[in-house]
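Quick notes on the structure that follows.
We count ligands from 1, going down the list as the structure has it; atoms in each ligand are counted the same way.
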Amino acid sequence: MDRIRVLGGVPLHGRMEIGGAKNAALPLMACGLLTDETLTLRNVPALADIATMQQLLAQHGITVARAGREARLGGRIGNTEAPYEIVRKMRASVLVLGPLLARCGQARVSLPGGCAIGTRPVDLHLRGLEQMGADISIDAGYVTASVRGRLRGAHILMPQVSVGATENLLMAATLAEGRSVIANAAREPEIHDLAECLRAMGARIEGHGTDRIEIEGVAALHGATHDILPDRIEAGTYACAVAIAGGDLLLAGARLADIEAVALALRQAGIEVEERPGGVFVRRLNGLAGTDVMTEPYPGFPTDMQAQFMALMSVAEGAAMVTETIFENRFMHVPELNRMGARINVHGASAIVRGVDALSGAPVMATDLRASVSLVLAGLAARGETVIDRVYHLDRGYEAVERKLAAVGARIERI
Ligand code: EPZ
């Protein structure tokens, strides 16, 4: 099992390429189920989760031909079951449910099961599909869904904001009969990107990126070519890396508009963040000031940036309150950071972080994707050596993290 070793205390300098967004690529790949024609996706990141989605689509009958950062999806659906052994590896597998139901009138998808950060239910996905006419039952850990004829357009008010449910229902509605409205929809840039790809495939969608999306169903979708937007969480992560390690980075390809809430928090902490031609420039000026953050659905501070920002706050001057409102168990990085000398106390959904002068390197263990990268960030600033175990979590969402950081000066290697 790979581990990553970091020797802290070295500032970062240089340019870093930001890749295509993992959380856009996954639903975009599910769009391959919505047409028999070829869907070409560009700027596809090389990540373990992408490989898992490729494996899932292949057993449905959709081949994914990779050539560098391009993926060509084609083929006809031959199987409408998504098996537990794949779905349990990656929750986003549930995103095949809406497309399968819309195209084949039936689907049997394993329930994803929980993960390190929470129970991760899919009730909002299922309720919405029922409103579109699907019969849904759960047995033996699988969701069995069917509809006679086509799904019917519906007015769906989401009881709470859900990125995945918005994506599933959006994809299903493109082929439903009549008009659908998704009210209280998620507004993440990845949703806007998904809708733009669906429109290129012939879907009729308005309002994507706002909390009210309107869809006019069509009989069929055709092939298209779509460039995946840059990964705002990868960009935010490396912005926190240079904030904690010191120095300056140009995050090439990053879009400041997608990380405004992160930029605001970093600026309040004393970090320079500004738009440059072709990317975002981030520089550590002098000290770090403790800054409170609360995670919210987009455009609020992203929950996927909470662990990274907490690592930064652990070496800030003063205290910071970090509140997690999206997931019920997303503080798994806290005990590991405290082993490195951080002073963090968790009270329910909030953690108080009292900044220390310096962290000390230690052997630590990753538990989920973003917690694991927060330990890498802490290692960049810690005195001595940090070894992070279970880095397969990292590889799910970060492409060549040690290569990218070493290229801008970090003393980091995979062992
Ligand atoms: C997406 O997960 C992302 N994953 C997550 O990123 C991200 O943290 C999350 O959105 C929030 O931004 C992908 O896009 C592949 P939700 P998703 O549905 O869709 C509850 C990462 O690190 N909920 O917006 O699963 C849910 O439990 C990952 O890249 C229900 O109760 O998130 C959570 O508390 C981690 N019922 C809240 O809503 C449902 O049917 C938000 O979940 C669905 C969700």
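Against a heavy-atom cut-off of under 4.0 Å, His125 is close to the following atoms of ligand 1: 40 (O). In summary, the atoms of ligand 1 found under 4.0 Å from a heavy atom of Val122, numbered by their order in the structure, are 39 (C), 40 (O). For ligand 1 and Gly164, the ligand atoms under 4.0 Å from any heavy atom of the residue are 18 (O), 19 (O). Atom numbering of ligand 1 starts at 1 in the shown order; those under 4.0 Å from a heavy atom of Lys22 are 21 (C), 29 (O). Of all the atoms in ligand 1, the ones that sit under 4.0 Å from a non-hydrogen atom of Arg91 are 25 (O). In the vicinity of Gln160, heavy-atom distances shorter than 4.0 Å reach the ligand 1 atoms 20 (C), 31 (O), 37 (C), 38 (O).
For a threshold of 3.5 Å applied to N or O pairs, the pair formed by Arg330 and ligand 1 contains at least one separation below that value. In terms of polar-atom proximity, Val161 is not counted as a contact of ligand 1, lacking any N or O under 3.5 Å from an N or O of the ligand. For ligand 1, the polar-atom distance check against Asn23 finds a nitrogen or oxygen pair separated by under 3.5 Å. Residue contacts with ligand 1: Leu369 is placed with no nitrogen or oxygen under 3.5 Å of a nitrogen or oxygen of the ligand (distance criterion only). Polar contact with ligand 1: present for Leu124 (N/O pair, distance under 3.5 Å).
Salt-bridge check for Arg212 with Glu206: failed, with every basic side-chain N at 4.0 Å or more from each acidic carboxylate O. Between Glu272 and Arg283 there is a salt bridge, with a side-chain nitrogen of the basic residue lying less than 4.0 Å from a carboxylate oxygen of the acidic one. Ion pairing between a basic and an acidic side chain is recognised when a charged N comes within 4.0 Å of a carboxylate O; Asp36 and Arg76 show such pairing.
Counting heavy-atom neighbours within 6.0 Å of Arg3 CZ, excluding the residue itself, gives a total of 12 or less. Within 6.0 Å of the CZ atom in Arg414, the count of heavy atoms belonging to other residues, nucleotides or ligands exceeds 12. A 6.0 Å sphere centred on CZ of Arg403 holds no more than 12 heavy atoms belonging to other residues, nucleotides or ligands. The number of heavy-atom neighbours closer than 6.0 Å to CZ of Arg339, taken from other residues, nucleotides and ligands shown, is above 12.
Taking each heavy atom of Leu111 and Tyr84 in turn, the nearest pair found is O-CD1, 4.2 Å. Ser350 and Met321 get closest at one heavy-atom pair: CB-SD, 3.7 Å.
Using a 4.0 Å cut-off between heavy atoms, Ile326 contacts ligand 1 through both its backbone and its side chain. The parts of Ser162 lying near ligand 1 are both backbone and side chain, judged by heavy-atom distances below 4.0 Å.
Nearest to atom 31 (O) of ligand 1 by heavy-atom distance, out of Ser93, Pro121, Ala25, is Pro121. Between atom 10 (O) of ligand 1 and the options Asp368, Val163, Val94, the minimum heavy-atom separation is to Val163.
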Audit row: Glu70, Thr40, side chain to side chain donor-acceptor pair (under 3.5 Å) steps and yes/no:
CA-CA 7 Å; Glu70 185 169 292; Thr40 301; 5.2 Å; no

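Using a 4.0 Å heavy-atom cutoff, Glu167 is absent from the residues neighbouring ligand 1.
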